[in-house]
Amino acid sequence: MKILVCNVGSTSLKYRLFDLSSGEETLSEGKMERVGTQAGTWMHKDAGMKETKQTLPIPDYATGIRLMQEALLASALESMEALDCVAFKVVHAKGVTGVQLLDEAVLSAMAAFNTVAPSHNPPYIAAIRQFQQALPHTPMIGSFETGFHATMPPKAYLYSVPIALHKEHAIRRYGFHGASHEYVATRTAELMGRSDFKLISCHLGGSGSLCAIVNGKSLDTNLGFSLQCGIMHNNRCGDIDPYIPIYLMKDFGYTLAQIETMLNKESGLLGMSGVSNDLRDVEAAAETGNEDAKNAVDSYCYQIQKQIGSYAAAMGGVDAISFAGGIGENSALVRRMALEGLSFMGVSIDLAKNETAKPDCELTGEESRARVFVIATNEEIVVARKAKAYLLGRR
Ligand code: ADP
């Protein structure tokens, strides 16, 4: 069974072609960046995993999809009809979650939450429509990022606002990064050799979230109705007092558009440090004595640490903590600072192992009751497996 998994960003298109007929083989993969410009970049690995890189105009997704199609047909795929489906890691839709055939009704449900996921839903909808035009006979299947969190109890997903907002406008915590948290839970269970345990999954990338997972199921997570809350993100604010925007608008004349841009694009690591939205730059600036950069790194790690403590309380203990995502996999500093001082609750790491950690590895300290892992997350395989299960279920 051949499944093409596509991950659409506002200016990027990543793809991976799997053959899931018997095992789980990657046949080809690639990544386009700066889609929408004359100076796009394209990395493609063919069927022999030989890599080519080029800079070329990729003015729109339609061009990107055509280039990808031609490259896949050149070595990895005998014809587009050989493709069983295109699978997407879609983000958010009103009243829809789990694994879905991306038909008009589901695309409308996604559009109904464009305001809630402005950086994710509009480009996804546009790209899916262009895929539908390019491959009219191939099923398009979406795995919603919210799906993994469907097991949260009402006490975790309801907000303390009038209940009519939940009942009439679907306002509640949904949670995101479901494919990554699910992968981390499955992989940690393999490394633990058991499935009945309390895990805190820390997906730390440009956008980050933590998830409290009991026996493989999401109990709570710190992204919410939107992706604007929880810990700070690369340029989004994370949790702030909801009265800050009201104060700025009422007393200082900020407009709604200004507030939205500020919280969505100019906050988080970028806004706090004034340096960059890339943690590597912020860490480097902090090291050279930049006070704002140092505060941004301190705050980022402190927010993760507090969330770990609160999830340990929510679960009545913790057996494992796993780090994933660009930051979770690569920043020894963040892992060390986030876990510092947690030996009172049985969590400590081996500092030497932490410095040289490469996923998938274990960092557990000698005295630690909980085990600590670094996991190379693999959202694409989760999406491909779900699409396969969906297709088999339909037959
Ligand atoms: P996205 O959420 O966009 O998919 P990733 O999971 O790829 O992001 O993570 C991107 C982030 O990972 C970047 O912002 C960068 O700060 C961080 N990162 C990558 N490598 C390192 C590193 N060696 N040290 C610190 N941060 C890193």
Side-chain angles (χ1 to χ4, degrees), residues 5-16 29-35 41 43 88-92 117 119-120 123-124 145 175-184 187 201-211 221-223 226-228 230-238 264-288 293-294 296-301 303-304 322-338 354-361 363 374-383:
V5 176
C6 290
N7 194 345
V8 182
S10 51
T11 58
S12 68
L13 173 64
K14 293 182 213 161
Y15 54 90
R16 194 182 294 184
E29 62 184 301
K31 181 176 179 179
M32 293 178 196
E33 287 177 303
R34 299 188 193 177
V35 175
T41 59
M43 181 283 290
F88 296 90
K89 180 171 70 80
V90 278
V91 176
H92 209 3
S119 319
H120 300 85
Y124 252 113
E145 287 283 57
F176 300 90
H177 297 137
S180 181
H181 289 307
E182 183 169 338
Y183 182 84
V184 168
R187 184 73 188 116
S201 165
C202 308
H203 174 92
L204 308 175
S207 162
S209 69
L210 281 77
C211 185
T221 187
N222 67 344
L223 281 173
S226 75
L227 293 100
Q228 299 293 343
I231 56 166
M232 73 175 83
H233 310 277
N234 60 355
N235 52 5
R236 302 199 307 273
C237 59
N264 198 19
K265 297 198 162 79
E266 300 167 355
S267 294
L269 284 170
L270 171 68
M272 270 196 84
S273 69
V275 171
S276 164
N277 67 1
D278 190 309
L279 182 72
R280 285 166 288 203
D281 302 334
V282 185
E283 282 184 10
E287 249 170 57
T288 62
K294 186 177 173 311
V297 174
D298 285 352
S299 237
Y300 183 69
C301 299
Q303 291 178 8
I304 297 166
S322 291
F323 290 89
I327 295 172
E329 289 167 34
N330 295 300
S331 176
L333 180 75
V334 166
R335 292 190 301 258
R336 175 169 61 71
M337 286 177 68
N354 182 49
E355 284 306 316
T356 54
K358 288 270 170 293
D360 297 347
C361 74
L363 313 177
V374 177
I375 308 268
T377 197
N378 187 344
E379 295 165 294
E380 287 80 11
I381 193 64
V382 173
V383 173

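Counting convention: from 1, in listed order, for ligands and their atoms alike.
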Return the residue, atom name and 0.1 Å-rounded distance of the protein heavy atom closest to [atom].
atom                    : value
atom 4 (O) of ligand 1  : K14 NZ, 4.5 Å
atom 26 (N) of ligand 1 : R280 CG, 3.7 Å
atom 17 (C) of ligand 1 : I327 CG1, 3.4 Å

Nitrogen or oxygen of [X] less than 3.5 angstrom from that of ligand 1:
X    : value
L279 : yes
G206 : yes
D278 : yes
G326 : yes

Inset, instruction - Could you name the option among N277, V334, L333, L269 that has the heavy atom nearest to atom 14 (O) of ligand 1? - result: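 Minimum heavy-atom distance to atom 14 (O) of ligand 1 goes to N277.
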Legend entry - Selected option - heavy-atom contact closest to atom 23 (N) of ligand 1, from N7, N330, V282: N330
Legend entry - H92 side chain reached by H120 side chain, heavy atoms, under 4.5 Å: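 With C-beta onward as the side chain, the pair stays apart.
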Legend entry - Pairwise side-chain contact, K89 with K14, heavy-atom cut-off 4.5 Å (strictly under):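 Counting from C-beta outward, K89 and K14 never come under 4.5 Å.
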Tell me which donor-acceptor pairs under 3.5 Å the side chains of residues 324-331 have, and how far apart each pair is, sequence neighbours excluded?
{"residue": "E329", "atom": "OE2", "partner": "G325", "partner atom": "N", "Å": "3.1"}
{"residue": "E329", "atom": "OE2", "partner": "T377", "partner atom": "N", "Å": "3.1"}
{"residue": "N330", "atom": "ND2", "partner": "G326", "partner atom": "O", "Å": "2.7"}
{"residue": "S331", "atom": "OG", "partner": "E283", "partner atom": "OE2", "Å": "2.7"}
{"residue": "S331", "atom": "OG", "partner": "V334", "partner atom": "N", "Å": "3.1"}

Inset, instruction - Below 4.0 angstrom from a heavy atom of S331, which ligand 1 atoms are there? Numbered from 1 as shown, please. - result: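 Contacts of ligand 1 toward S331, numbered from 1: 25 (C).
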Legend entry - Per-atom contacts, ligand 1 versus S207 - under 4.0 Å to a heavy atom: 2 (O)
Inset, instruction - Sequence neighbours left out, what pairs pass salt bridge (Lys or Arg N to Asp or Glu O under 4.0 Å) with at least one residue falling in residues 270-279? - result: D278-R280
Legend entry - N/O donor-acceptor pair under 3.5 Å between E145 side chain and A179 backbone: yes
Inset, instruction - Take atom CZ of R34 as the centre, draw a 6.0 Å sphere, and report whether it contains more than 12 heavy atoms from other residues, nucleotides or ligands. - result: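 Incorrect, the count does not exceed 12.
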Inset, instruction - Any chance you could lay out the side-chain hydrogen bond (donor to acceptor under 3.5 Å, both in side chains) test for N354 and R336, step after step, and finish with the verdict? - result: CA-CA 7 Å; N354 182 49; R336 175 169 61 71; over 6 Å; no
Inset, instruction - For a side chain to side chain contact (heavy atoms under 4.5 Å, CB included) with N7, tell me which candidate from K31, R16, E380 qualifies. - result: E380
